[in-house]
Each structure stands twice: as C-alpha cells, then as structure tokens.
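Everything below concerns the one structure shown next.
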Amino acid sequence: MKLTNFEKDVLRYVLTIPLGQTRTYKQVALAINRPRAYRAVGSVLRKNAFPLIIPCHRVIRSGGDLGKYSFSKISKKELINLEKKIKNVLK
DNA sequence: GCGGGCCTTCATT
DNA sequence: AATGAAGGCCCGC
C-alpha cells in the first residue's frame, strides 16, 4: 500500500489527538501546513486505509457540528462521550 | 439556508 | 499528462 505525503501528514496528526478530545477539519489542515486543504482532509479520512485504528471520529466540523461518519452506526457524539467516560474510568 | 471556493485523490481519455 | 468528478468542509451574505 502506498500513501501520499498528504495522507501521511493527516494520519500522523490525527493519531496524536488525545483520548476524549476533538479537532476540526480546519485545525487538522492548519496543523499540517495546508490551511486550505480542510476539504481534502475529509476526502482522506473518508477512504483512508485504516478506518479502525485511525480515530476519524475525533475529527468534527467547525462550530461544534458533527460531520458525516460512515464507519460506525453510532454517531461521533456518542463516541466522544464514550471516550470521556473511558477517560473518567482511567482517571 | 444557499452559493462559491479551496485541495486532493481517482478514473478516464 | 490532462481533465473532470466527487468529497466526512468553511465562510460570507
């Protein structure tokens, strides 16, 4: 499998997002030095190679809105809450 | 709520 | 190599 540089950057950053925290597509784009590629970030996450090990559900839209999420039946919000609970338990 | 713009990948030609 | 389409988006009006 081959990943483009862009994909690698995105994935690397996404993997650094702490448990229970979220980032917006825009922030991810900014973090990888491509301030206007927020849309492309969505594209990558959409068909990334590791849907199950990449916390794509921690990436939401600006303004607190949830984006689409096709890898699970439950919403991102549920996942975030779940992660918060996990964090509490581990605390 | 609608419309236009941005960036990358993929499929065709 | 070039062109066109699509996409989990964002901002301004």
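Please read all numbers here as calculations on a predicted model, not as lab measurements. Letters A, B, ... mirror the listed sequences (proteins, then strands); counts begin at 1.
Rounding to the nearest 0.5 angstrom, the gap separating the CZ atom in Arg36(A) from the CG atom in Leu30(A) is 8.0 Å.
The salt bridge (Lys or Arg N to Asp or Glu O under 4.0 Å) check on Arg12(A) picks up Asp9(A), with sequence neighbours excluded. Every residue two or more places apart in sequence or in another chain that forms a side-chain hydrogen bond (donor to acceptor under 3.5 Å, both in side chains) with Arg23(A) is listed here: Gln21(A). Qualifying side chain to side chain contact (heavy atoms under 4.5 Å, CB included) partners for Phe6(A), counting only residues two or more places apart in sequence or in other chains: Thr4(A), Val10(A), Ile32(A), Arg34(A), Ala37(A), Ala40(A), Val41(A), Val44(A). Residues forming a side-chain hydrogen bond (donor to acceptor under 3.5 Å, both in side chains) with Arg39(A) (at least two apart in sequence, or on another chain): none. Not counting sequence neighbours, Arg61(A) has no partner by the salt bridge (Lys or Arg N to Asp or Glu O under 4.0 Å) test. With sequence neighbours excluded, no residue satisfies salt bridge (Lys or Arg N to Asp or Glu O under 4.0 Å) with Glu7(A).
Within the hydrophobic cluster formed by Ile, Leu, Val, Met, Phe, Trp and Tyr side chains joined at under 4.5 Å, directly or through other members, Leu66(A) is accompanied by Ile60(A).
Listed by first and then second residue, the side chain to side chain donor-acceptor pair (under 3.5 Å) pairs involving residues 40-52 of chain A amount to none (not counting sequence neighbours).
Within the 4.0 angstrom heavy-atom criterion, base atoms lie near Val59(A). In this structure, Arg61(A) reaches the sugar-phosphate backbone alone: every heavy-atom distance under 4.0 Å involves primed, P, OP1 or OP2 atoms, never a base.
Within residues 19-33 of chain A, the residues approaching DNA chain C are Tyr25(A), Lys26(A), by heavy-atom distance under 4.0 Å.
Annotated stems with DNA chain B as a participant read B:1-5 with C:9-13, B:7-13 with C:1-7, given as range with range, by first number; only runs of 3 or more Watson-Crick or G-U pairs under 3.5 Å qualify.
Leu15(A) and Pro55(A) get closest at one heavy-atom pair: CD2-CD, 3.8 Å.
First and last contacts of DNA chain C with chain A, using any nucleotide atom under 4.0 Å from a protein heavy atom and ordered 5' to 3', fall at dG7(C) to dC11(C).
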Distances for protein N or O near nucleotides 7-9 of chain B N or O, under 3.5 Å:
residue	atom	partner	partner atom	Å
dC7(B)	O4'	Arg36(A)	O	3.2
dT8(B)	OP1	Arg34(A)	NE	3.2
dT9(B)	OP1	Thr4(A)	OG1	2.2
dT9(B)	O3'	Lys47(A)	NZ	2.9

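Taking the side chain as every heavy atom from C-beta outward, Leu19(A) and Arg58(A) approach each other to under 4.5 Å. Side-chain atoms of Tyr25(A) and Ser62(A), non-hydrogen and from C-beta on, never get closer than 4.5 Å to each other.
At a cut-off of 3.5 Å, with distance as the only test, a side-chain donor of Lys91(A) or Asn88(A) sits close to an acceptor on the other residue.
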